[in-house]
Amino acid sequence: MKHARRRHSPLRARVAGTTGALAVILGAGVAPAVAAGKSTGTPMTAAAALDDPAQAPGQAAALDAAQAPDQVAALDAAQPPGQAAALDAAPAPGQLTLPAPTGRYGVGTVDLHLRDTKRTDPWVPGQQRELMVSLWYPATHTSGYPAAQLPVSQQVLPGGVTLPTTAGHTGAPVGRKAGKLPVLLYSPGGRGNRATGTALVQDLASRGYLVVTIDHTHDTGDVVFPGGRHEVSMLPPGSKSRDLIDVRAADTHFVINQLAEIARGHNPDVEHKPLPHGLTQAVSTKHIGMFGASLGGGSVAAAMHADSRIDAGVNLDGQLFGSSVHQRLDRPYMLFSSEHHNRNSDRSWRRLWENLHGERLDLKLRGSGHNSFVDNQVLFPQAPGAFGITPEAMQQALGTIDPNRSIEVQRTYVAAFFDKHLRHRNSHLLDGPSRHYPEVDFIR
């Protein structure tokens, strides 16, 4: 296949080339300059909160790898001397970790390369749309299969700090005891990739879901395809968030179609990679949910409008753009916001709320920041020096809530929502405030 020439700024080149793993950490739904009227080439400033398509008014601009150099210490040798000297002194902790899944099942995973032969890539004219996705599922006999690394291009950060090994086991057989698996689709934040929500994703898989994480090629920093081919951001100047969301909705529709092909006994992987044993029999496209963080969360409603097979959706702190805000949606939908973001401060949430006619929930996680809804919340505190982040910037991004507690709460409420609407298991946790989870406010 003929590939378009990659175009990227010097700073983006450092992100994609020197340390592509930073797209996981710093690009997880934070501050891509593609909000309405913003060019992708516009430098970010600390006050430019609304440049983040997922950020509520008043939130500080988060930690985008492409933002102005004075916002976050650069993570390469080109950094001005002394800019992060205090952080460099912090001892490297070695390998970072993610909280272990809490479900009853082991976890398997497999990466698939998908090609949509009926659709041209909207960002690269003349090229067919290609995606990388990861499937996470309840698995058995996991000890005989290797633990999976995060699906990113580089595993080691500055100072020798290593990204976490996941709880997933590559290619492990699907656990038969889990029965037919309801599907959950995950869309990451702007310039983030499909690895950014792994703590939540692998937990849902351990609870008996087939979770499919999607890389939206060319609107993210770096996607690695088989053979070592890298595809970086190709967004043209002036790209709008609503356009990205429309493409993500089309990507999601295509991925659901490929899952249906797997259920029919076909293998949609371009290289015909062997599928895990038992996957064909386990996939159920009769019960589908979708969730996402930041721009990924803002894409959920559009995807639900584009594909009626999506039965329920969860938006983790993502502002909405485009027509989905104004369209009636009669399926269950949950908003889950950070401390200073909800429909009282975000007009897009308020407008969407008025058009939600299925079960609708608006929850707020007290003490949280915008990056509390991705793995940054547990990775930043473990090695702030490796990420070039000051304590002040970290508190802006993550808030004050304990990271492990934040993940526990999100796992519990997201699972409760999908259990109720995809499995018809109602724990009544969503009926109102709980003394067990005082951090969660129900916005009425």
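One-based numbering along the sequence shown. Model, not experiment: these values are computed from the prediction.
- Applying the side chain to side chain donor-acceptor pair (under 3.5 Å) test to H216 and every residue at least two apart in sequence or in another chain returns S187, D251.
- Judged purely by atom type and a 3.5 angstrom limit, T196 has no side-chain atom pairing as donor or acceptor with the backbone of G192.
- Applying the salt bridge (Lys or Arg N to Asp or Glu O under 4.0 Å) rule to pairs touching residues 199-208 yields D203-R207, D203-R411, sequence neighbours excluded.
- Using a 4.0 Å cut-off between charged side-chain N and carboxylate O, R309 and D307 make a salt bridge.
- The side chain to side chain donor-acceptor pair (under 3.5 Å) test applied to S348 returns D346, not counting sequence neighbours.
- Under the rule for a salt bridge (charged side-chain N to carboxylate O under 4.0 Å, His left out), the partners of D215 that lie at least two apart in sequence or sit in another chain are R194.
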Q: Report the C-alpha separation of D219 and V247 in whole Å, then their side-chain angles, then the decisive distance to 0.1 Å, and conclude whether the side-chain contact (heavy atoms from CB on, under 4.5 Å) test is met.
A: CA-CA 10 Å; D219 88 2; V247 173; over 6 Å; no
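- Each of L131, V212, I262 was compared with L112 under the side chain to side chain contact (heavy atoms under 4.5 Å, CB included) criterion, and only I262 meets it.
- Aromatic ring orientation, H341 versus W349: tilted (interplanar angle from 30° to 60°).
- Listed by first and then second residue, the salt bridge (Lys or Arg N to Asp or Glu O under 4.0 Å) pairs involving residues 262-273 are E261-R264 (not counting sequence neighbours).
- Ion pair E339/R366 not flagged as a salt bridge, since none of the NZ, NE, NH1 or NH2 atoms sits closer than 4.0 Å to an Asp/Glu carboxylate oxygen.
- Note: H287 and H424 have perpendicular aromatic rings, judged against thresholds of 30 and 60 degrees for the angle between ring planes.
- Of the charged side-chain nitrogens involved, at least one lies within less than 4.0 Å of a carboxylate oxygen, so that D116 and R119 count as a salt-bridged pair.
- Looking at residues two or more places apart in sequence or on another chain, you find no salt bridge (charged side-chain N to carboxylate O under 4.0 Å, His left out) involving R425.
- Under 4.0 Å is where a charged nitrogen must lie from a carboxylate oxygen, and between E439 and K364 no such pair does.
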